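Structure record follows, encoded as structure tokens.
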Amino acid sequence: MSTLRHEAIRTIASAKHVLNRLDFKKVHAKDIYGINVFSEEVQKQRLPKPVFKKLQETIKRGAPLAPDIADAVAAAMKDWALERGATHYTHIFQPMTGITAEKHDSFVSPTGTGSAVAEFSGKELIKGEPDASSFPSGGLRATFEARGYTAWDPTSPAYISEAPNGSTLVIPTAFLSWTGEALDKKTPLLRSMDALSVQVTRLLKLFGKDVDRVITTVGPEQEYFLIDQNFYFARPDLVSCGRTLFGAKPPKGQELEDQYFGTIPERVLAYMAEVEAELFKLGVPVKTRHNEVAPSQYEIAPIFENSNLATDHQNLTLEVLRKTAPKYGLACIVHEKPFARINGSGKHNNWSMSTESENLLEPGHTPHENMQFLVFCAAVIRAVDKYADILRLSVASAANDHRLGANEAPPAIISIFLGSMLTDIFEQIEKSGSAGSSKKGGDFITGVSVLPTLPKDAGDRNRTSPFAFTGNKFEFRAVGSSFNIAGPNTVLNTIVAESVDFVANELEKAVKGGKKLEAAVGELLPKIVKEHKRILFDGDGYSEAWHKEAEKRGLPNLKTTIDALPVVVKKSTIDLFAKYKVYTEGELKSRYNILSEAYVKTISIEGRTAVLIAKTMILPAALRYQKEIAESVAAAKAAGASGAGSKELAELIAQINALSSTIEKLDKALDHHTDGEPYDHAKAAQAHVLPAMNALRDVVDKLEVIIADDLWPLPTYREMLFIR
């Protein structure tokens, strides 16, 4: 019997994909970099000098946008876009759906005389007005209150989105309601960057450095899966939910550890090359590509950029990854846990603070003598310890719950890994107020005469740490692969702003009181280390011993999204974000409702999809197989071979009964009614629907290894992950 699964395998086996779509011998990657971006270079060429200067003041120094330059910028932007084949423009924004949104408007305006002109004004550049009523607002707006505004973000350059039948000028924007509340993820991120800049520039003045602006920088590493799209379309759960709701453990998974950094399959490598070429055109500085740990899992990573631009570029990366895959007969999956029992996907968020010329988390060759670095590093330690619950909240979702805490990803317990060198320095500081030495890495001796002597780092890395120092930045490893990084970085910026504010206040008071800065630092840092060293941990974050130790230390262990969500509306959280004008109390409460609703909807969609697959695909296959076995047993008995197949039939009947029972229980759980707020519904979904889904999965996965292969309807793990 032929199933959709078998048709998919036959199609894949006979497919001939066009892989040589690009020729870098004719056009080098460096020559296409940024060609579709209204970049600083393009602005300099096309804008009048006074307009260019004013625009750069806003982009580089955070000066208020001069309204009188809008028409000139819009005219130059329009002419440039038309030359590049654009027919429309759009204000792209980041609503609370977790993805980007856009509404396209044509440049063409009829003249009334039977002809048309291309127009684009400064007013149209600065402000758009999409309907806000259909986006999540969490109670900030009633459904009938529709007005929302997009506001041009000049710090993130406009770009051209190419399409076969006319391209589009894309203008990054913020999204706010008519009453002024942030309905998006960009606005709070920009606010948090401003808050941190204010506090860090204060602190730098104590070190004799007068800078206008400090930015945070991010380099997010993106993990993703690629499977053949024929398999993808044959799995309703992947199409609807982004993850497999059923799937038995394959004979081979990642046990041999032969996938990580292995040879990239030819079709995948061709896909990666086109993804990178498209991202290069858009000015996205992607740098690395490689196989990840799980079969059919890969990674792409950029170099550091301003956090706001990096966020926009990260959203672009996800878009290009998804839309390029079908050209190669592939489906790109960015769910945190698309396949059970093998590694899921994350988005390691490499974060730092920088002036125009200096990375403030660069320790230098003698970090024990680098007082400025030690002060900023201590401020980060204090921030992560004091606000560990908010940081954990920033990566909470129904999807990420499947990943966090498993032996493949950081635990839900937030801790910091500093490495042996910095750990030793801060231990010295705690004891005496200063450090007299830094551990040296020395040379790495290979023992092979033809190999060069390599410089050795002073400390190892720790892949089990959720927040690790990795040389000149902190790597927040708990961010989910499907996340918009604006949320976690908004939290990081804000909690560090508060901590730097605290440090600056303490040092300013001491210096005004007559102390030298070095003495004031020598008094303050030991206090910070002593009070917040509980957050420092350099061991195995997966171990049960660490969970017990973390509990003794009083570190929060918010294992699930349901545990983390109440943190949004804690008084301390509201006070923090309100103080630095990142979120109002109303905006935070709206996020609480939006996140709760998103959790309920995710679990409900998964539950309904599981029931649909079980009723219409698994149960019919099981009943057909039961009929075949029963007929075979009857035939065997008639031939005198009593007992042949009886045991298998009994086991099958038992599993079919269990299947019917678990389908019914999940159906009832999905119909369960709960009164109360969105969070109450989320708790009910976790308590009732998730266990019922897991019980149904257990039965279906057992049936997969019992039912005849020619009857099983779903592509299996061994097929999806290994047939490429």
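Given the structure is predicted, the values throughout are model-derived calculations rather than measurements.
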Got a sec, which residues hit side chain to side chain contact (heavy atoms under 4.5 Å, CB included) with [X], two or more places apart in sequence or on another chain?
X: Lys287; answer: Ile303
X: Glu358; answer: Lys209, Thr355, Leu360, Gln372
X: Arg322; answer: Leu318, Val334
X: Thr11; answer: Asn230

Mind listing the closest non-hydrogen atom pair of [X] and [Y] along with its distance?
X: Pro363; Y: Phe469; result: CD-CZ, 4.2 Å
X: Ala72; Y: Leu47; result: O-CD2, 3.8 Å
X: Gln297; Y: Gln259; result: O-NE2, 3.2 Å
X: Lys337; Y: Ile342; result: NZ-O, 2.7 Å
X: Ala74; Y: Leu125; result: N-CD2, 3.9 Å

Can you name the salt bridge (charged side-chain N to carboxylate O under 4.0 Å, His left out) partners of [X], sequence neighbours left out?
X: Glu83; result: Arg46
X: Lys252; result: Asp258
X: Asp184; result: none
X: Lys78; result: none

> Rounded to the nearest 0.5 Å, how far does CZ of Arg213 lie from CG of Asp194?
Replying inline: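 The CG atom of Asp194 sits 5.0 Å away from the CZ atom of Arg213.
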
> Got a second to check how far Thr288's OG1 is from Met272's CE, nearest 0.5 Å?
Replying inline: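 Going from OG1 on Thr288 over to CE on Met272, the span is 9.5 Å.
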
Can you see whether [X] engages [Y] through a side-chain donor-acceptor pair at a distance of less than 3.5 angstrom?
X: Thr173; Y: His91; result: no
X: Ser345; Y: Ser481; result: no
X: Asn349; Y: Glu475; result: no
X: Ser296; Y: Arg724; result: yes
X: His313; Y: Glu305; result: yes
X: Lys44; Y: Gln56; result: no

> Does the side chain of Ser197 reach to within under 4.5 Å of the side chain of Met353, using non-hydrogen atoms?
Replying inline: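 No, side chains not in contact.
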
>> Test your reading of the model: is there a side-chain donor-acceptor pair from Thr90 to the backbone of Lys103, 3.5 Å cut-off?
In response: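 Yes: the side chain of Thr90 pairs with the backbone of Lys103.
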
>> I'd like to know if the side chain of Arg267 reaches the main chain of Tyr328, judged simply by a donor and an acceptor atom lying under 3.5 Å from each other, with no hydrogens or angles considered.
In response: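 Checking the backbone N and O of Tyr328 against the side chain of Arg267, a donor-acceptor pair under 3.5 Å is found.
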
> In terms of ring plane angle, is the pair His104 and His88 parallel, tilted or perpendicular, where the classes change at 30° and 60°?
Replying inline: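 Aromatic pair His104/His88 classed tilted.
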
> Aromatic rings Tyr298 and Tyr224: how do their planes relate, parallel, tilted or perpendicular, breaks at 30° and 60°?
Replying inline: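 Tyr298 vs Tyr224 ring planes: tilted.
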
> Excluding sequence neighbours, so at least two apart, what forms ring-ring contact (aromatic ring centres under 6.0 Å, His included) with Phe120?
Replying inline: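 Once residues adjacent in sequence are excluded, the partners of Phe120 under the ring-ring contact (aromatic ring centres under 6.0 Å, His included) criterion are Tyr89, Phe107.
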
>> Once ring-ring contact (aromatic ring centres under 6.0 Å, His included) is applied, do any residues pair with Phe93, and if so which ones, sequence neighbours excluded?
In response: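 If we apply the ring-ring contact (aromatic ring centres under 6.0 Å, His included) test to Phe93, skipping adjacent residues, the hits are Phe135, Phe175.
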
> Do the two ring centres, one from Phe467 and one from Phe417, sit under 6.0 Å apart?
Replying inline: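 No: the rings miss the under 6.0 Å criterion.
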
>> Counting the benzene-type ring for Trp, do Phe476 and Trp351 have ring centres under 6.0 Å apart?
In response: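 Judged by ring-centre distance (under 6.0 Å), Phe476 and Trp351 do not meet the cut-off.
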
When you check the gap from the basic side-chain N to the acidic O, do [X] and [Y] get nearer than 4.0 Å?
X: Arg5; Y: Glu719; result: yes
X: Glu362; Y: Lys473; result: no
X: Glu299; Y: Arg289; result: no
X: Arg84; Y: Asp79; result: no

>> Enumerate the salt bridge (Lys or Arg N to Asp or Glu O under 4.0 Å) contacts for residues 31-42, please, sequence neighbours excluded, ordered by first and then second residue.
In response: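 Matches after skipping sequence neighbours: Glu40-Lys60.
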
> Please walk me through it: do Glu223 and His348 pass side-chain contact (heavy atoms from CB on, under 4.5 Å)?
Replying inline: CA-CA 9 Å; Glu223 295 173 345; His348 300 168; 4.1 Å; yes

>> Before you tell me yes or no, could you show the steps for Gln222 and Leu321 under side-chain contact (heavy atoms from CB on, under 4.5 Å), namely the whole-Å CA-CA distance, both residues' side-chain angles and the distance that decides it to 0.1 Å?
In response: CA-CA 10 Å; Gln222 176 69 54; Leu321 282 170; 4.0 Å; yes

Would you mind writing out the side-chain donor-acceptor pairs for residues 155-166 within the sub-3.5 Å range, not counting sequence neighbours?
from: Thr155; atom 1: OG1; to: Asp153; atom 2: OD1; distance (Å): 2.5
from: Thr155; atom 1: OG1; to: Asp153; atom 2: OD2; distance (Å): 3.4
from: Thr155; atom 1: OG1; to: Asn308; atom 2: ND2; distance (Å): 3.0
from: Ser156; atom 1: OG; to: Asp312; atom 2: OD2; distance (Å): 2.5
from: Glu162; atom 1: OE1; to: Lys281; atom 2: NZ; distance (Å): 3.3
from: Glu162; atom 1: OE2; to: Asn36; atom 2: ND2; distance (Å): 3.3

> Is the NZ atom of Lys53 crowded by more than 12 outside heavy atoms at less than 6.0 Å?
Replying inline: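 No.
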
> Is there a side-chain contact (heavy atoms from CB on, under 4.5 Å) between Ile171 and Ile92 once you walk through the steps?
Replying inline: CA-CA 6 Å; Ile171 303 160; Ile92 192 168; over 6 Å; no

